[in-house]
*Asks:* 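Could you have a look at this structure, given as structure tokens, before my questions?
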Protein chains: 2
Amino acid sequence: MAKRQQINVEVVAVVMTISEGALKTLLLRHNDQRWALPGTAPRHDESLRSAVDRTIREHAGIEVEYLEQLYTFDSQHNSGGNREVQIVYYGLVPSVLLRSKELEDRAKVNWFAEHEQKLVDNHSEIVHTARLRLSGKLSYTAVGFELLPDKFTLAEPQNLYEVILGKELDKRNFRKKVNALGILEATGEERISRIGRGRPASLYRFKPEVFHNIETKGDIFPV
Amino acid sequence: MAKRQQINVEVVAVVMTISEGALKTLLLRHNDQRWALPGTAPRHDESLRSAVDRTIREHAGIEVEYLEQLYTFDSQHNSGGNREVQIVYYGLVPSVLLRSKELEDRAKVNWFAEHEQKLVDNHSEIVHTARLRLSGKLSYTAVGFELLPDKFTLAEPQNLYEVILGKELDKRNFRKKVNALGILEATGEERISRIGRGRPASLYRFKPEVFHNIETKGDIFPV
DNA sequence: ACAAAAGTGTTCGATATACACCCATGT
DNA sequence: ACATGGGTGTATATCGAACACTTTTGT
């Protein structure tokens, strides 16, 4: 049997969250001009998935609860001339993580909206693919809720869907649909908006028995 | 920089077609007991996609027009103890290929329904994943039509969708929907059924301007 | 009083689903 | 004549989309 060609295998993570009304991606500073997605070569004794978890943890100190394989890229780009495949995962984290865990060194790790920074190699393409997948997935699952903290007002997921889908949604229709899904329950608590103005919003949480990857029935989320 | 662990990269192809009222997969004989999916290590100068095309061509003499990346499996299974990733593609071919191109050696290459043969390693899992993806994809695209020959009767796609979705569809509703898609046109020709009985069926073809990956609007195909 | 955000129902059109009979052909 | 598969339309239910006003709070 012929000796196999050496192909480098790398896992890459596209970790996304919502902040300041935009969908942002976790990036690491690569050099003065460019940023890069977190990535690593899997160790011999760890799964691909574990390698992704590890690289996210090592670089940003974040544990990602929702993580899914996106696509495997065939990268000829590599400057070293070595053949490489990038097995890309994408993940979502609640926006609250942004505030609670101060990213230690903003100059080296940060969240950016698309096109806010120049990226290395094919990383822009990867981010773009992840965003497309996420938008698509919103249409037939309730993944968007992964981006929420434990307790949230109904305005939060609505805003989030608006950001990801890139268009405004009707409040009444949105609430109707969320209600029909039957995945949320009121906590009884309320929260006043940060600026103090306006009526306080009821806080909701997931029903304990409901977890990830809820498939919506009929047609899906406000498309 | 530490030397990377050696991980073998292999592309694997799940080529499917409809025959005898069942969704079948192209398999190669591995030994007396087991069959395997076509697969190969990519050469240094070819893309992953080209490697898949090549392995299908070499093993079965088939050109696959619809081919898409399915998933990358992290296989610990490997008996040799070498770490390996399998980048799996799935493809669809028109059922007519079955008849027109006699597979040269039935004992070595053949089409099988799921569970019809024992497979090596994790190949059963791979086939299962491909079937799930295909069913899912049918619900929001018109990929099923990839499985059809150039000219076909409306009963053919209906039967095909029934086989893949695993349930019966209403003839009138199905035709209504196909019509609404506006992707087919009547050729004016007819075909009498093979056993000679029954009214001849009109033959249809794709409108020349319509090609692959038609997204269906509203909700999709008879789910 | 007013500014700001939360909350709440109804109507209309489109699509999905269920359902039964006649037509053209070969034997 | 009959068996076999092809071809056609209507009625109902559900879902998505559009749309405006009242409520609660802080200033």
Side-chain angles (χ1 to χ4, degrees), chain A residues 21 138-142 144 148 151-162 165-182 184-205 214-223, chain B residues 21 138-142 148 151-163 165 167-205 214-223:
Chain A
L138 281 189
S139 306
Y140 55 96
T141 68
L148 298 171
K151 297 174 183 177
F152 46 86
T153 71
L154 290 184
E156 292 179 296
Q158 180 178 344
N159 175 44
L160 182 159
Y161 269 78
E162 288 177 335
L165 296 175
K167 64 177 170 189
E168 299 201 341
L169 302 175
D170 182 88
K171 198 179 4 169
R172 285 164 291 189
N173 291 338
F174 184 84
R175 293 163 107 92
K176 208 185 310 170
K177 216 161 204 169
V178 168
N179 225 313
L181 283 176
L184 303 185
E185 63 184 13
T187 62
E189 300 165 82
E190 294 190 329
R191 178 200 292 163
I192 54 176
S193 60
R194 23 249 159 268
I195 34 176
R197 297 289 183 78
R199 174 174 172 176
S202 303
L203 288 175
Y204 291 79
R205 63 167 162 252
I214 307 103
E215 297 280 332
T216 62
K217 52 175 170 286
D219 222 4
I220 315 311
F221 245 91
V223 183
Chain B
L138 281 190
S139 305
Y140 55 96
T141 68
L148 297 172
K151 297 175 184 176
F152 46 87
T153 72
L154 290 183
E156 292 178 297
Q158 179 177 346
N159 174 44
L160 183 159
Y161 269 78
E162 288 177 334
V163 167
L165 295 174
K167 65 178 170 187
E168 298 202 339
L169 302 174
D170 182 272
K171 198 182 0 172
R172 283 163 294 187
N173 293 338
F174 184 84
R175 293 164 106 93
K176 208 186 309 172
K177 215 160 206 169
V178 168
N179 225 314
L181 283 176
I183 56 178
L184 302 186
E185 63 185 13
T187 62
E189 301 165 81
E190 294 190 329
R191 178 200 292 162
I192 53 175
S193 59
R194 22 251 158 266
I195 34 176
R197 294 292 183 76
R199 174 174 169 176
S202 302
L203 288 175
Y204 291 79
R205 62 168 162 251
I214 307 102
E215 298 279 332
T216 62
K217 53 173 169 284
D219 223 4
I220 316 310
F221 245 91
V223 183

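Throughout, a chain's letter reflects where its sequence line sits, starting with A, and its residues are numbered from 1.
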*Asks:* Taking only residues two or more places apart in sequence or in another chain, which ones pass side-chain contact (heavy atoms from CB on, under 4.5 Å) with B:K176?
*Replies:*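 B:K176 satisfies side-chain contact (heavy atoms from CB on, under 4.5 Å) with B:N173 only.
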*Asks:* Tell me, please, which residues at least two apart from A:E185 pass side-chain hydrogen bond (donor to acceptor under 3.5 Å, both in side chains).
*Replies:*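 Scan of A:E185 (side-chain hydrogen bond (donor to acceptor under 3.5 Å, both in side chains), adjacent residues dropped) gives A:R205.
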*Asks:* When the axes are fitted on five pairs at both termini, how much does the helix from C:dA1-D:dT27 to C:dT27-D:dA1 curve, in 10° steps?
*Replies:*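 The angle separating the two end axes equals 10°.
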*Asks:* Can you check the B:R175 CZ to D:dT10 P distance for me, whole Å?
*Replies:*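 Atom CZ in B:R175 sits about 17 Å away from atom P in D:dT10.
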*Asks:* Measure CZ/A:F152 against P/C:dA6 and give the value in whole Å, please.
*Replies:*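 Value for this atom pair: 14 Å.
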*Asks:* B:D170 has a side chain; which of C:dG7, D:dA20, C:dC19 sits nearest to it?
*Replies:*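 Minimum distance to the B:D170 side chain belongs to C:dC19.
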*Asks:* Specify the separation, in whole Å, of atom CD of B:E168 and atom C1' of D:dG5.
*Replies:*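 Interatomic distance, CD of B:E168 to C1' of D:dG5: 15 Å.
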*Asks:* Holding to side-chain hydrogen bond (donor to acceptor under 3.5 Å, both in side chains), I want the full list of residues that pass it with A:K171, two or more places apart in sequence or in another chain.
*Replies:*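 Result, side-chain hydrogen bond (donor to acceptor under 3.5 Å, both in side chains) vs A:K171: none returned.
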*Asks:* So do the side chains of B:L154 and B:F174 get within less than 4.5 Å of each other, counting heavy atoms only?
*Replies:*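 With C-beta onward as the side chain, the pair stays apart.
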*Asks:* Quick one: salt bridge (charged side-chain N to carboxylate O under 4.0 Å, His left out) partners of A:R172, sequence neighbours excluded?
*Replies:*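 Expected list: A:D170.
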*Asks:* What nucleotide among C:dG7, C:dA20, D:dG16 has an atom nearest to a side-chain atom of A:K177?
*Replies:*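 That would be D:dG16.
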*Asks:* In whole angstroms, how far is the C1' atom of D:dA18 from the CG atom of A:L169?
*Replies:*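 Between C1' of D:dA18 and CG of A:L169: 13 Å.
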*Asks:* For A:R191, what residues pass the side-chain contact (heavy atoms from CB on, under 4.5 Å) criterion, not counting sequence neighbours?
*Replies:*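 So A:R191 forms a side-chain contact (heavy atoms from CB on, under 4.5 Å) with A:T153, A:E156, A:L203.
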*Asks:* A:N179: which residues meet the side-chain contact (heavy atoms from CB on, under 4.5 Å) condition with it, sequence neighbours left out?
*Replies:*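 Result, side-chain contact (heavy atoms from CB on, under 4.5 Å) vs A:N179: none returned.
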*Asks:* Atom CG of A:L154 to atom C1' of C:dT8: distance rounded to whole Å?
*Replies:*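 In whole Å, C:dT8 C1' lies 12 Å from A:L154 CG.
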*Asks:* So, OP1 or OP2 of D:dG7: does either fall under 4.0 Å of a side-chain N or O from B:S202?
*Replies:*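 Result: yes.
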*Asks:* Who are the side-chain contact (heavy atoms from CB on, under 4.5 Å) partners of B:E162, not counting sequence neighbours?
*Replies:*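 B:E162 satisfies side-chain contact (heavy atoms from CB on, under 4.5 Å) with B:Q158, B:N159, B:E168, B:L169 once adjacent residues are dropped.
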*Asks:* Whole angstroms only, please: what is the CG-P distance between B:L165 and C:dA16?
*Replies:*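 Taking atom P of C:dA16 as the reference, CG of B:L165 is at 14 Å.
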*Asks:* Can you find a donor-acceptor pair, distance only, under 3.5 Å between A:K176 side chain and C:dT10 base?
*Replies:*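 Yes, a donor-acceptor pair under 3.5 Å.
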*Asks:* Which nucleotides of nucleotides 21-27 of chain D have their base under 4.0 Å from a protein heavy atom (B), which only their sugar-phosphate (S), and which neither (-), written as one string 5' to 3'?
*Replies:* --BBBSS
*Asks:* Given D:dA20, C:dC19, D:dG7, identify the nucleotide with an atom nearest to the side chain of A:R172.
*Replies:*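 The listed nucleotide nearest to A:R172's side chain is D:dA20.
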*Asks:* To check you understand the geometry: which heavy-atom pair defines the closest contact between B:P157 and B:F152, and what is its length?
*Replies:*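 Taking B:P157 first and B:F152 second, the nearest heavy atoms are CD-CD1, 4.1 Å.
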*Asks:* To the nearest Å, how far apart are B:E189 CD and D:dG6 P?
*Replies:*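 Those two atoms, CD and P, are 17 Å apart.
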*Asks:* What's the CG-P distance between A:N173 and C:dC12, to the nearest Å?
*Replies:*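 Computing the A:N173:CG to C:dC12:P distance gives 15 Å.
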